Amino acid sequence: MDRTQDCGSCNVGSIPTGSTIIMYSLETPIEELTNVGKTIASYLNKVGVFNLQDLLYYWPFRYDDYSSLVTIAQLELNKNFTIRGKLISIHNKRARSRRLHITEAFLEDGTGSIKIIWFNQPYLTKNLRSGDDIYISGTPVLEGLEMQFTSPVYEKVTGMDNVNTGKIVPVYPLTARLTQKQLRFLVNFSLQSVKLIKDWLPQEIIKKNKLISLNQAIKQIHFPESNESMEKAKYRLKFDELFLIQMQSQLNKKYLSLGKAPKIKFDQDKIVSFIKKLPFSLTGDQKRSAWQIFQDLESTKPMNRLLEGDVGSGKTIVAVLAALNVTHGGFQTVLMAPTEILAKQHYLSLNKLLAGFDVNIGLMTRSEKLFTKQELNKQEYIDLLKSGEINLTIGTHSLIHDDIKFKNLGLVIIDEQHRFGVEQRKKLKSKNLAKTLPHFLSMTATPIPRSLALILYGDLDLSIIKEMPKGRKKIITEFVAEKQRDKAYDFIRQDVKNGHQVFVVCPLVDPSDNFGFKSVNEEYKKLDKDIFPDIKIGLLHGKLKADKKAKIMKDF
């Protein structure tokens with residue numbers, strides 16, 4: 001069989017298998033690789049592997065070091081070792097006390113013999129037989145008076161390089177029914193095509209920074225020859241990632257330098273009047289950050305600033321000060337939030353804060369278009385944006401649609417900076433009928449060290465709010481071990497009886513085998529039926545329809 005990919009100018013390489021030459025490109029679909037059928041391909045698709053290149057760039061998340069190859073006589077307890085020997089016997093039996101299948105084997109290598117136990121893997125007796133020459137990797141333990149291996153990794157001696165034993169072995173993120181052995185085999189097989197990947201870094205940069213080649217890095221990140229080569233591979237790949245981030249930052253800076261923004265004068269009287277009416281005093285960091293923004297707005301160079309501060313530090317009020325100054329300068333402001341729920345919260349809170357300050361606030365999400373507390377259709381809302389009657393609009397990704405334009409957009413504020421891509425931000429900036437670039441302010445609660453922020457967001461100026469507002473209650477964070485979970489449930493039940501509310505956050509919507517994280521659907525069923533049948537519990541996640549999410553939040 002001869003498989004050739006017709007892909008124009010893409011790189012194509014060949015992998016010999018016996019007497020057959022199979023031609024692959026980096027774009028070859030994963031199901032067309034040797035030993036990959038549609039079933040395994042579907043498992044790989046679930047972890048984001050769709051073609052040969054995806055497989056080469058699917059990094060391990062940790063390693064097992066089985067590089068210490070010793071004899072049975074040299075084994076020590078509780079340390080990782082690899083041994084090679086001949087199977088004397090292997091058979092299955094069932095445990096009496098538990099519903100377990102036990103596979104028991106004995107291995108000898110000329111210096112001694114050792115017992116090996118596997119649990120619930122009865123199929124091993126079909127894969128392994130007495131007389132087989134195999135590698136065993138794992139940690140020997142003491143069982144009674146005998147040393148034995150329990151559930152070790154095994155690999156037959158075939159004369160080819162071993163993949164699962166006798167070396168530093170990669171451990172990959174998996175999905176259901178995909179095993180480490182399968183993935184290691186496929187990755188090892190695909191590494192024969194790594195030469196198709198061109199090293200895009202200039203040689204002078206590689207030499208100056210003492211980097212290994214990209215091909216070497218990819219090989220060594222998957223199957224490192226030593227800890228030193230692993231670290232060199234990590235360093236090269238991390239360098240590449242930060243280099244590309246810096247390149248993108250420089251391109252963004254160049255893009256901004258080519259345009260002009262409106263010069264918006266600092267309206268001191270209006271800002272002071274607003275601050276005096278606040279039911280709280282601004283912190284020093286809030287005042288400092290607001291002043292930096294006001295100075296940026298007075299320049300025709302487009303502001304591009306990141307406002308960083310912990311949850312509750314008061315970033316939103318700083319953004320409101322900027323929006324107030326811009327709208328009273330005769331320009332429009334956009335505040336974009338990552339979810340409809342957060343956008344609605346901003347809309348409600350800003351209507352209260354800015355009452356009496358002649359700011360016309362609108363809300364535009366997929367499910368709601370509100371202005372002066374009235375529901376509008378989409379076209380009515382767009383017309384008000386084009387006319388400039390709405391001078392502060394709050395919304396989600398709906399504000400990026402092609403048919404939306406602004407009369408004179410002066411400021412774009414984005415809440416949760418990391419949730420929006422560069423292209424989305426550029427698109428939002430290009431919607432100004434006044435043909436000027438709006439100023440840009442992004443906010444994040446993600447704590448990023450200043451030095452790292454300058455690397456990740458090199459195109460942004462940085463304002464940091466560290467000082468928390470006075471009078472805030474102390475936030476108490478506690479870790480509750482599994483065996484003490486009942487005490488936590490009792491605490492929650494008592495808190496609800498006292499008239500308070502509780503919310504539980506899970507990292508996944510649906511169950512997944514990746515890392516054993518809890519899903520919100522599983523936890524909801526458990527809490528609602530088993531733990532708190534007497535408490536009314538709601539379920540909220542991103543896959544629900546907008547109207548249902550809105551109702552749940554309103555009920556809460």
Side-chain angles (χ1 to χ4, degrees), residues 261-279 290 293-294 297-298 303 315-337 339-401 403-415 428-441 443 550:
K263 186 175 182 178
I264 303 172
K265 186 179 178 181
F266 173 50
D267 191 336
Q268 183 174 342
D269 292 340
K270 186 66 66 177
I271 295 300
V272 170
S273 173
F274 175 76
I275 291 173
K276 284 181 178 179
K277 290 187 177 182
L278 290 174
I293 292 168
F294 293 142
L297 293 173
E298 287 193 322
M303 175 177 73
K315 298 185 297 297
T316 301
I317 198 64
V318 173
V320 170
L321 289 169
L324 178 63
N325 192 70
V326 168
T327 53
H328 278 273
F331 297 91
Q332 291 169 293
T333 296
V334 166
L335 170 56
M336 185 182 284
T339 65
E340 291 193 20
I341 292 170
L342 188 55
K344 184 69 174 286
Q345 286 177 335
H346 281 318
Y347 173 74
L348 295 173
S349 62
L350 265 60
N351 266 294
K352 291 179 181 178
L353 280 170
L354 294 169
F357 284 89
D358 299 322
V359 180
N360 299 326
I361 306 173
L363 172 70
M364 184 174 189
T365 65
R366 189 163 56 92
S367 59
E368 287 186 290
K369 283 84 183 169
L370 299 176
F371 180 56
T372 61
K373 299 181 181 180
Q374 294 181 351
E375 179 73 38
L376 306 178
N377 64 41
K378 185 177 179 181
Q379 191 54 54
E380 288 173 333
Y381 198 95
I382 289 172
D383 291 341
L384 291 174
L385 287 177
K386 285 183 178 178
S387 69
E389 189 171 345
I390 296 177
N391 50 22
L392 172 55
T393 184
I394 301 166
T396 57
H397 286 80
S398 302
L399 294 169
I400 305 179
H401 290 170
D403 51 358
I404 294 176
K405 299 288 182 181
F406 300 89
K407 181 182 179 180
N408 52 2
L409 186 58
L411 175 63
V412 173
I413 303 170
I414 289 182
D415 197 359
L428 192 58
K429 290 176 181 178
S430 68
K431 294 183 169 295
N432 198 4
L433 296 176
K435 303 301 180 186
T436 55
L437 280 174
H439 296 282
F440 178 77
L441 174 66
M443 301 187 291

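Not measured: the values here are computed from a predicted model.
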Nearest heavy-atom neighbours spanning [X] and [Y]:
X      : Y      : answer
Leu354 : Ile361 : CD1-CD1, 4.0 Å
Met303 : Leu411 : CE-CD1, 3.7 Å
Ala343 : Ile394 : O-CG2, 3.5 Å
Asn391 : Asn360 : OD1-N, 2.8 Å
Ser367 : Glu340 : OG-OE1, 2.6 Å
Met443 : Ala319 : SD-CB, 3.8 Å

Hey, can you pull the donor-acceptor pairs under 3.5 Å for the side chains in residues 321-330, sequence neighbours left out?
residue	atom	partner	partner atom	Å
Asn325	OD1	Asp267	N	2.8
Asn325	ND2	Lys265	O	3.3
Thr327	OG1	Ala323	O	3.0
Thr327	OG1	Leu324	O	3.0
His328	NE2	Phe357	O	2.6

About how many Å separate [atom2] of [Y] and [atom1] of [X], when rounded to the nearest 0.5 Å?
X      : Y      : atom1 : atom2 : answer
Leu433 : Lys386 : CG    : NZ    : 7.0 Å
Lys435 : Leu409 : NZ    : CG    : 13.0 Å
Thr396 : Ile341 : OG1   : CD1   : 11.5 Å
Ile400 : Met336 : CD1   : CE    : 4.0 Å
Phe406 : Thr393 : CZ    : OG1   : 6.0 Å
Leu384 : Gln379 : CG    : CD    : 10.0 Å

- Query: Please, which pairs that meet ring pair (Phe, Tyr, Trp, His ring centres under 6.0 Å) have at least one residue in residues 364-391, sequence neighbours excluded?
  - Reply: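 Of all non-adjacent pairs touching residues 364-391, none passes ring pair (Phe, Tyr, Trp, His ring centres under 6.0 Å).
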- Output yes when a side-chain donor or acceptor of Glu375 lies under 3.5 Å from a complementary backbone atom of Lys369, and no otherwise.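 Judged by distance alone, yes, a pair lies under 3.5 Å.
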- Item | Glu368 side-chain N/O to Leu363 backbone N/O, donor-acceptor pair under 3.5 Å |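 It does not hold such a pair.
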- Task: Could you name each residue pair satisfying side chain to side chain donor-acceptor pair (under 3.5 Å) that touches residues 345-357, not counting sequence neighbours?
- Result: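 Matches after skipping sequence neighbours: His346-Asp415.
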Under 4.5 Å between any side-chain heavy atoms of [X] and [Y], yes or no?
X      : Y      : answer
Lys344 : Thr365 : no
Lys378 : Asp403 : yes
Leu350 : Leu335 : yes
Glu389 : Lys407 : no
Met364 : Ile404 : yes

- So with a 6.0 Å cut-off around CD of Gln268, is the heavy-atom count from everything else above 12?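 Not buried by this count: 12 neighbours or fewer within 6.0 Å.
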- When you check the side-chain N and O atoms of Asp383 and Ser387, is any donor under 3.5 Å from an acceptor?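 Short answer, no.
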- Query: Please walk me through it: do Leu278 and Leu353 pass side-chain contact (heavy atoms from CB on, under 4.5 Å)?
  - Reply: CA-CA 8 Å; Leu278 290 174; Leu353 280 170; 3.9 Å; yes
